*Asks:* 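Sharing a structure here in structure tokens format.
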Amino acid sequence: MSSAVQFTSQDSHDDSDNERLDFIRQIDPVPDNLSLPDEIFLRAAISLKDQVVEMTWKKGRSSGTVVDPTVYSGLTGTAFTCFRSFEATGNRNDLLLCSEILDTCTAAARASSRHVTFLYGGGGIYALGAVVANYIMDLQKRDFYLNLFLEVAQERALPIGPEEGGFGMSYELMYGRAGFLWAALFLNKYLGEGTVSNDLLLRIVDAVLAGGRAGASDIPACPLMYRWHGTRYWGAGNGLAGILQVLLHFPLSDHDADDVKATLRYMMSNRFPHSGNYPSSEGNTRDKLVQWSHGATGISITLCKASEVFRNDREFRDAAIEAGEVVWKSGIVKKAGLGDGVSGNAYAFLSLYRLTGESVYEERAKAFGSFLYHNASKLVNGADNAYSLFQGLAGVACLWFDLLAPGRSRFPGYEL
């Protein structure tokens, strides 16, 4: 095996779905020789990060336009990958490159962005920009980005609950209010509590809770429910798991905490009985998707957070572990990215490792990471956004960096 891997999206894809699935499905416990050494992950992560930069930034820059400046599928995802590389290696050049990319993304976002979230809007670009500027001690630029973020916070729909005359914008993580709140939490984590004031944020939290109660008015057993484009999704990107994940980071009254816990219990009680997987949306009987955006993966990560917040409620810890078993037994999915691929699923094990301290979860995450070392380029062959953070290889690079220090790992754009 070479010490570094050169990834391209042109590799032939001649192995069958069953061969990929069988790679891990029946391996339990993980044998010692299945996971690669840390030095291999480090070299592969740096090599892949460099390739992502080459394909999305250096080649794309020649056109003079940024088609997609977002974290999820666009150029700010490349910047985030450079930031994660800096966190793992301390290489200041990654930080400077991240700042340069963000300058270009900011111009594009100010001209066209209509969303406020971390993953799909100006909120993510400005939040990451402020954090990076603070690291390089450019305080003028940090304040510039913070002011842009606070301009986004003036969106009038953010703190408006249904009892105040309308539902306003959506509530979910990808495009809605939870996604703005996550961006604010990211800023407060890196720049200090109060950077974005609780006076501003808690009014939005109240609006999210009010919207969830109104949306659940016809489901007696479930206190909170939301619709996105008419569908009551359960997953991380557009549904309950993502919204609850964000709410769990805020101080909640006893009443609000009880509603969050009861909503989680409702989800837990409505798992598919044979597989233990979770429906992608309310009433959906199709038991197929096991990934971050739909199914057990994202919900397992949210249940890990719930177990951390509600330490006396052992049921959330047990349910998180059970959902992680679903991810493991489902085997290797057919894509590589964070949103619906192998790298996203690996983060369920990293969350469980941090929750439990049990080495089996670190081993499982590294087994998935090792599979990607050999197969990532095949899984994105010909795909749109093949180098993006949530749909492609940038997410793989972030996973490999996180595998170097599993106790400090965080799912990009989801965990803090």
Side-chain angles (χ1 to χ4, degrees), residues 70-73 115-121 157 161-162 167-182 205 207-219 221-248 259-260 262-272 275-306 319-320 323 326-327 330 333 335 337-341 344-345 347-348 390-391 411 413-415:
T70 69
V71 171
Y72 188 91
S73 56
H115 297 299
V116 301
T117 65
F118 188 86
L119 294 180
Y120 253 112
F167 284 82
M169 71 170 63
S170 65
Y171 295 94
E172 32 74 69
L173 185 76
M174 199 89 77
Y175 302 103
R177 299 179 220 210
F180 171 81
L181 290 171
W182 199 94
V205 170
V208 173
L209 289 163
R213 289 175 180 127
S217 60
D218 60 337
I219 312 175
C222 185
L224 303 173
M225 186 61 71
Y226 304 85
R227 292 182 188 269
W228 187 69
H229 288 199
T231 300
R232 291 165 162 172
Y233 288 106
W234 281 30
N238 300 116
L240 271 175
I243 296 168
L244 297 177
Q245 172 81 1
V246 172
L247 290 176
L248 286 164
D259 279 357
V260 168
T263 301
L264 288 167
R265 291 179 182 126
Y266 174 81
M267 297 172 76
M268 291 154 52
S269 67
N270 284 277
R271 288 172 285 184
F272 292 116
S275 68
N277 192 25
Y278 287 77
S280 60
S281 60
E282 180 72 14
N284 194 325
T285 60
R286 185 167 173 259
D287 182 5
K288 184 175 182 180
L289 300 176
V290 179
Q291 55 197 45
W292 173 79
S293 54
H294 300 291
T297 304
I299 294 173
S300 178
I301 295 171
T302 296
L303 287 166
C304 285
K305 181 63 181 176
V326 174
V327 178
S330 294
V333 294
K335 297 182 181 181
L338 294 174
D340 54 5
N345 283 2
Y347 273 99
F390 270 72
Q391 297 176 318
F411 192 114
Y414 201 59
E415 295 180 293

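Atoms considered below: every heavy atom in the structure, side chains included; atoms not considered: hydrogens, waters and symmetry mates. Since the structure is predicted, the reported quantities are computational estimates derived from the model, not experimental observations.
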*Asks:* Could you please spell out the steps behind the side chain to side chain contact (heavy atoms under 4.5 Å, CB included) verdict for Ile301 and Lys305?
*Replies:* CA-CA 7 Å; Ile301 295 171; Lys305 181 63 181 176; over 6 Å; no

*Asks:* If you take all heavy atoms of Ile299 and Ala241, which pair is closest and at what distance?
*Replies:* CG1-CB, 3.8 Å

*Asks:* Determine whether a donor-acceptor pair (N or O, by modelled atom type, separation under 3.5 Å) exists between the side chain of Thr117 and the backbone of Gly176.
*Replies:* no

*Asks:* Tell me the closest heavy-atom pair linking Ser293 and Asp340, and the distance in Å.
*Replies:* OG-CB, 4.3 Å

*Asks:* I need the Thr263 OG1 to Trp234 CH2 distance, nearest 0.5 Å.
*Replies:* 10.0 Å

*Asks:* Which atom pair, heavy atoms only, marks the closest approach of Pro162 to Gly211?
*Replies:* CD-N, 3.5 Å

*Asks:* By the salt bridge (charged side-chain N to carboxylate O under 4.0 Å, His left out) test, which pairs, at least two apart or in different chains, include something from residues 235-244?
*Replies:* none

*Asks:* According to side-chain contact (heavy atoms from CB on, under 4.5 Å), who are the partners of Ala178, at least two apart in sequence or on a separate chain?
*Replies:* Ile243, Val246

*Asks:* Side-chain contact test, heavy atoms from C-beta onward, threshold under 4.5 Å: evaluate it for Leu303 versus Met268 and give yes or no.
*Replies:* yes

*Asks:* Met267 and Leu240: side chain to side chain contact (heavy atoms under 4.5 Å, CB included), yes or no, with the steps?
*Replies:* CA-CA 9 Å; Met267 297 172 76; Leu240 271 175; 3.9 Å; yes

*Asks:* Answer whether the closest heavy-atom distance between the side chains of Tyr347 and Thr297 falls below 4.5 Å.
*Replies:* no

*Asks:* If you measure from OG on Ser281 to CE on Met225, what distance do you get to the nearest 0.5 Å?
*Replies:* 9.5 Å

*Asks:* Decide side chain to side chain contact (heavy atoms under 4.5 Å, CB included) for Tyr226 and Asn238; before the verdict, give the C-alpha distance in whole Å, the side-chain angles of both, and the deciding distance to 0.1 Å.
*Replies:* CA-CA 9 Å; Tyr226 304 85; Asn238 300 116; over 6 Å; no

*Asks:* Under 4.5 Å between any side-chain heavy atoms of Glu415 and Gln245, yes or no?
*Replies:* yes

*Asks:* For a quick test of reading the model, state the closest non-hydrogen atom pair linking Ser330 to Val290 and the distance between them.
*Replies:* OG-CG2, 3.5 Å

*Asks:* Is any side-chain heavy atom of Leu119 closer than 4.5 Å to one of Thr70?
*Replies:* no

*Asks:* If you compare all heavy atoms of Ala207 against all heavy atoms of Gly161, which two are closest, and at what distance to 0.1 Å?
*Replies:* CB-N, 3.8 Å

*Asks:* Going from OG on Ser217 to CZ on Arg213, what distance comes out if it is rounded to the nearest 0.5 angstrom?
*Replies:* 13.0 Å

*Asks:* Tell me every residue that passes ring pair (Phe, Tyr, Trp, His ring centres under 6.0 Å) with Tyr72, counting only those two or more places apart in sequence or in another chain.
*Replies:* Tyr120, Phe390

*Asks:* Where the side chain of Ser300 meets the backbone of Ala320, is there a donor-acceptor pair that is under 3.5 Å apart?
*Replies:* yes

*Asks:* In terms of relative ring orientation, are Phe411 and Trp292 parallel, tilted or perpendicular, with 30° and 60° separating the classes?
*Replies:* parallel

*Asks:* Hey, are Glu282 and Tyr266 close enough side-chain-wise for a donor-acceptor pair under 3.5 Å?
*Replies:* yes

*Asks:* Mind checking the CZ-NZ spacing from Phe272 to Lys288? Nearest 0.5 Å is all I need.
*Replies:* 13.0 Å

*Asks:* Could you tell me whether Arg232 and Asp218 have a side-chain N and a carboxylate O separated by less than 4.0 Å?
*Replies:* yes

*Asks:* Give the ring-plane orientation class for Trp228 versus Tyr175, where under 30° counts as parallel, over 60° as perpendicular and anything between as tilted.
*Replies:* parallel

*Asks:* Is a donor on one side and an acceptor on the other found under 3.5 Å between the side chain of Arg177 and the backbone of Met169?
*Replies:* yes

*Asks:* Quick one: are Leu247 and Leu244 in side-chain contact, heavy atoms under 4.5 Å?
*Replies:* yes

*Asks:* Do Thr302 and Leu264 touch side chain to side chain, with heavy atoms closer than 4.5 Å?
*Replies:* yes

*Asks:* Atom SG of Cys222 and atom CG of Asn270: how far apart are they, to the nearest 0.5 Å?
*Replies:* 8.5 Å

*Asks:* Over all heavy atoms of both residues, which pair between Tyr278 and Ala296 is shortest? Give the atoms and the distance, please.
*Replies:* CD1-CA, 4.2 Å

*Asks:* Would you check if the distance from the ring center of Tyr233 to the ring center of His294 is below 6.0 Å?
*Replies:* yes

